[in-house]
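Only one structure is covered here, and it is reproduced in the block below.
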Number of protein chains: 2
Amino acid sequence: MDDVFKALADPTRRRILDELVERDGQTLFEICARLVTKHGLGLSRQAVSQHLAVLESAGLVVTRRQGRYKFHDLDTAPLERAMTRWLRPDTPESSP
Amino acid sequence: MDDVFKALADPTRRRILDELVERDGQTLFEICARLVTKHGLGLSRQAVSQHLAVLESAGLVVTRRQGRYKFHDLDTAPLERAMTRWLRPDTPESSP
DNA sequence: TTGATAGGCAAGTCGCGACTTGCCTATTGT
DNA sequence: ACAATAGGCAAGTCGCGACTTGCCTATCAA
């Protein structure tokens, strides 16, 4: 759970999550290309690879190998668990 | 919104939010004392003050001065807005 | 089998963020 | 008025994280 917040701290990693929400099951090179073209970010392949490793060890991204490809899928379950931490039970909108 | 994630990245700041959920409107010295006694954290007053400044500029904490006291209140609104960013609209549980 | 593609490992650079230290301002109580 | 309390400002130290560079492994197509 600590890793979830650390993973979300970096803006590039958040962009990666944005990409995976829009289209699940992308490879490292696909994500690389999208970050460069769509968001104008100039980073190396290694940088993206390391970001994906952080996201995966945080449980936010799940990978499946298939031949020489490694597909990345988003998992939002850790997000929801992390965020309900500070949501008070007595908010007036919670039970209308 | 970028500041929200950066603010949540530090474990000490998350502890401060925990404290404010439990009891709203604490002063700097109160928060300091609680972090030391209840959580065993050994940090200076300045450290906590800087953490509170980060939380405030992120909109997660709202302050009100009263004489020589400065009370700190939690605001969870930025949290909820930040989290809905990656929640897919087509989750099977969202519309049973 | 060879070259191209997809990815991994390891060491190194560098800047930002967390924390400290020292001193200063303002409000309160006696 | 004076001391104590509550907080702020600024410069400095230091470690961790983001990113690069160079090289290595594995799978697929020709």
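Each chain gets a letter, A, B and so on, in the order its sequence line appears, and its residues count up from 1.
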Would you say B:Arg13's side chain and B:Ala7's backbone share a donor-acceptor pair under 3.5 angstrom? yes

For residues A:Val4 and A:Ala58, report the shortest heavy-atom separation together with the two atoms involved. CG2-O, 3.6 Å

ILVMFWY cluster, A:Met1 and B:Leu17 together (side-chain gap under 4.5 Å): yes

Output all residues satisfying side chain to side chain contact (heavy atoms under 4.5 Å, CB included) with B:Asp24, sequence neighbours left out; order by chain, then residue number. A:Arg88, B:Leu20, B:Asp73, B:Leu74

Under 4.5 Å between any side-chain heavy atoms of A:His39 and A:Arg34, yes or no? no

Supply the members, apart from B:Tyr69, of the Ile/Leu/Val/Met/Phe/Trp/Tyr cluster built from side-chain contacts under 4.5 Å; use none for a lone residue. B:Phe71

Please write out each protein N/O paired with an N/O of nucleotides 13-15 of chain C under 3.5 Å, distance rounded to 0.1 Å.
none

Of all residues at least two apart in sequence or in a different chain, which pass the salt bridge (charged side-chain N to carboxylate O under 4.0 Å, His left out) check with B:Glu30? B:Arg23

Apply the test side chain to side chain contact (heavy atoms under 4.5 Å, CB included) to residues A:Asp75 and A:Val61: give CA-CA distance (whole Å), side-chain angles for both, the deciding distance (0.1 Å), then the verdict. CA-CA 6 Å; A:Asp75 184 12; A:Val61 161; over 6 Å; no

What heavy-atom pair brings A:Val48 and A:Cys32 nearest, and what distance separates the two atoms? CG2-SG, 3.5 Å

Is A:Val36 reachable from A:Leu52 through a run of I, L, V, M, F, W or Y residues, each pair having side-chain heavy atoms under 4.5 Å apart? no

For DNA chain C, what residues of residues 10-30 of chain B have any heavy atom nearer than 4.0 Å? B:Asp10, B:Thr12, B:Arg13

DNA chain C-proximal residues of residues 35-50 of chain B, any heavy atom under 4.0 Å: B:Gly42, B:Leu43, B:Ser44, B:Gln46, B:Ala47, B:Gln50

Would you please confirm or rule out a distance under 4.0 Å between OP1 or OP2 of C:dG8 and any side-chain N or O of A:Lys70? yes

To the nearest Å, give me how far apart CG (B:Asp3) and P (C:dG17) are. 11 Å

If I compare all heavy atoms of B:Leu60 with all of B:Pro78, which pair ends up nearest, and what's the gap? CD2-CB, 4.1 Å

Contact summary for A:Leu8 and B:Met83, nearest pair of heavy atoms: CD1-CE, 4.5 Å

Please check: side-chain N/O of B:Arg14 versus main-chain N/O of A:Phe5, any donor-acceptor pairing under 3.5 Å? no

Using salt bridge (charged side-chain N to carboxylate O under 4.0 Å, His left out) as the criterion, list what pairs up with B:Arg68, not counting sequence neighbours. none

Pairwise distance NZ(A:Lys70) to CZ(A:Arg65) - rounded to 0.5 angstrom: 6.0 Å

Suppose we screen for salt bridge (charged side-chain N to carboxylate O under 4.0 Å, His left out). Which residues come up paired with B:Asp18, at least two apart in sequence or across chains? A:Arg85

Below 4.0 angstrom, which residues in residues 51-64 of chain A have at least one non-hydrogen atom near DNA chain C? none

Students should find that the end-to-end axis angle of the helix from C:dT1-D:dA30 to C:dT30-D:dA1, with five pairs defining each axis and rounding to 10 degrees, is 30°

Which residues, ordered by chain and number, are linked to B:Val54 in its hydrophobic cluster, where ILVMFWY side chains connect at heavy-atom gaps below 4.5 Å, directly or through other members? none

List, with names and distances, any nitrogen or oxygen atoms from the protein found under 3.5 Å away from nitrogen or oxygen atoms belonging to nucleotides 28-30 of chain C.
residue: C:dT28; atom: O4'; partner: B:Arg68; partner atom: NE; Å: 3.3
residue: C:dT28; atom: O4'; partner: B:Arg68; partner atom: NH2; Å: 3.4

